[in-house]
Protein chains: 2
Amino acid sequence: MLTPPKKGQYALRAVYELAKRRGQGPIKISAIAEAQAIPHRFLEVILHQLKGSGLVDAKRGYYGGYALSKPPADITVGDVLRHLQRETPPGQCVACGSQQSCPFVGRCAFSLLWQRVKNAAYEIYDSTTLQDLLDDHAPVEALKTMGAA
Amino acid sequence: MLTPPKKGQYALRAVYELAKRRGQGPIKISAIAEAQAIPHRFLEVILHQLKGSGLVDAKRGYYGGYALSKPPADITVGDVLRHLQRETPPGQCVACGSQQSCPFVGRCAFSLLWQRVKNAAYEIYDSTTLQDLLDDHAPVEALKTMGAA
DNA sequence: ATTTTCCCGACTGATATAGTCAGGATAGAC
DNA sequence: GTCTATCCTGACTATATCAGTCGGGAAAAT
């Protein structure tokens with residue numbers, strides 16, 4: 001239900017790899033694909049899409065490749081995920097995705113609930129930077145919500 | 001990405017309807033389906049599945065129908081949702097659903113993150129009872145995580 | 001000029017979800 | 001006892017989304 005889509009996972013693994021190699025100049029798609037076990041052609045699509053958000057810069061040609069446009073500490077997981085899914089049109093019911101008309105628009109007993117879950121998720125995403133992931137520990141203020149498996 | 005599946009939404013709307021009519025004896029599937037705009041045949045499947053968890057009781061025959069087996073205050077959204085999706089096999093990576101083998105098993109930089117998001121979601125689900133939904137307000141201790149739309 | 005890389009849109013295939021269908025079982029109405 | 005309204009049950013189909021591919025084009029270095 002709330003397992004992130006492959007595309008998002010690939011994107012995060014890719015920028016994570018870029019963060020790890022920051023300072024080594026542009027990293028080729030093929031290098032990232034190999035290191036993170038991502039289909040090469042698919043990763044092309046994903047990184048290109050990410051470029052549109054300004055989180056990564058691309059360089060073409062012989063010594064081309066991708067690089068983060070900001071320090072890993074300034075990029076959050078939320079930044080990455082947000083730019084992959086087209087955001088839901090404002091005023092639209094969170095639950096009734098697509099442009100289907102919700103039969104309970106305005107008086108839905110659950111819309112608030114879905115909204116809260118979504119906010120809780122992005123609160124975590126937005127408070128986790130690539131640097132946090134590199135350091136292999138969760139941000140301090142979020143740890144208390146962890147609980148057991 | 002984290003919009004709940006239709007099945008779960010239908011299930012919740014159905015038990016919500018049952019909670020609303022509690023005390024009126026068994027409620028027919030057709031009545032629930034009409035009130036909540038759920039395909040009749042599909043709702044049959046869903047309610048039958050829910051019955052397996054003991055949250056609802058069914059009665060057959062002329063005056064048959066469904067009813068909650070417990071007071072609305074004793075049933076949480078988490079209870080309902082948990083019984084709809086087969087739980088992920090233990091030890092399995094949260095992200096790499098199905099039984100696909102994760103190439104980063106054990107050393108995945110993100111598994112902790114996914115786990116935390118999942119936990120945060122179920123913390124909200126488990127602290128929201130049907131009674132809360134009937135009262136049309138969120139449980140107090142969860143309100144602080146709401147934020148803007 | 002050629003190679004190596006990213007760029008870009010259209011396309012295909014797999015998978016999970018959403019929903020249907022036909023018929024059987026049970027309980028009450030008559 | 002028969003009839004009807006209801007839930008029960010599994011197998012089935014359709015659809016939408018996701019995952020991934022393909023072919024070719026454009027910049028940058030050699």
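Just so we're clear, the structure is a prediction, and the values are computed from it rather than from any experiment. Below, chain A is the first sequence line, B the second, and so on; all start at residue 1.
- Using a 4.5 Å heavy-atom threshold, the side chains of B:Q36 and B:Y10 count as separate.
- Remark: P of D:dT17 and CG of A:L84 are 17 Å apart, rounded to the nearest angstrom.
- Using modelled atom types and a 3.5 Å distance limit, the side chains of B:D135 and B:Q131 yield a donor-acceptor pair.
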Expected rows: protein N/O vs nucleotides 20-23 of chain C N/O, under 3.5 Å:
residue: C:dA22; atom: N7; partner: B:R41; partner atom: NH2; Å: 2.7
residue: C:dA22; atom: N6; partner: B:R41; partner atom: NH2; Å: 3.2

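- Nucleotide C:dG19 holds its C1' atom 15 Å from the CD atom of B:Q9, rounded to whole Å.
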*Kindly determine whether B:V117 and A:Y125 satisfy side chain to side chain contact (heavy atoms under 4.5 Å, CB included), including the steps that lead there.*
CA-CA 8 Å; B:V117 169; A:Y125 290 150; 3.6 Å; yes
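- If you measure from atom CG of B:D57 to atom P of C:dA27, you get 14 Å, rounded to the nearest angstrom.
- By the 4.5 Å heavy-atom criterion applied to side chains, A:Q115 and A:F110 are not counted as neighbours.
- In this structure, the CD atom of A:Q49 is 12 Å from the P atom of D:dC18, given to the nearest Å.
- When rounded to the nearest whole Å, the span between NZ of B:K51 and C1' of D:dC7 equals 8 Å.
- A sub-4.0 Å separation between OP1 or OP2 of C:dT5 and a side-chain N or O of A:K28 is present.
- Listed pair B:H48 / D:dC7 fails the phosphate criterion, with no side-chain N or O lying under 4.0 Å from OP1 or OP2.
- The distance from atom OH of B:Y66 to atom P of D:dT6 is 13 Å, rounded to the nearest whole Å.
- Within 4.0 Å (heavy atoms only), A:I29 reaches sugar-phosphate atoms of the nucleic acid but no base atom.
- For the pair A:I46 CD1 and C:dC8 P, the interatomic distance rounds to 16 Å; values are reported in whole Å.
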_Run A:R21 and A:E17 through salt bridge (Lys or Arg N to Asp or Glu O under 4.0 Å) and show every step you take._
CA-CA 6 Å; A:R21 306 198 189 187; A:E17 188 69 21; 3.0 Å; yes
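- Rounding to whole angstrom units, CD1 of residue A:I38 and C1' of D:dG20 are separated by 13 Å.
- Within 6.0 Å of CD on A:Q24 lie more than 12 heavy atoms contributed by other residues, nucleotides or ligands.
- Here the side chains of A:V15 and A:L55 are not in contact, with every heavy-atom distance at 4.5 Å or above.
- For the pair A:L81 and A:L12, the minimum side-chain heavy-atom distance is below 4.5 Å.
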*Classify every nucleotide of nucleotides 25-30 of chain D by which part a protein heavy atom approaches to under 4.0 Å, writing B for the base, S for the sugar-phosphate alone and - for neither, in 5'-to-3' order.*
-BSBSS
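- A side-chain donor-acceptor contact under 3.5 Å links B:R22 to the backbone of B:L68.
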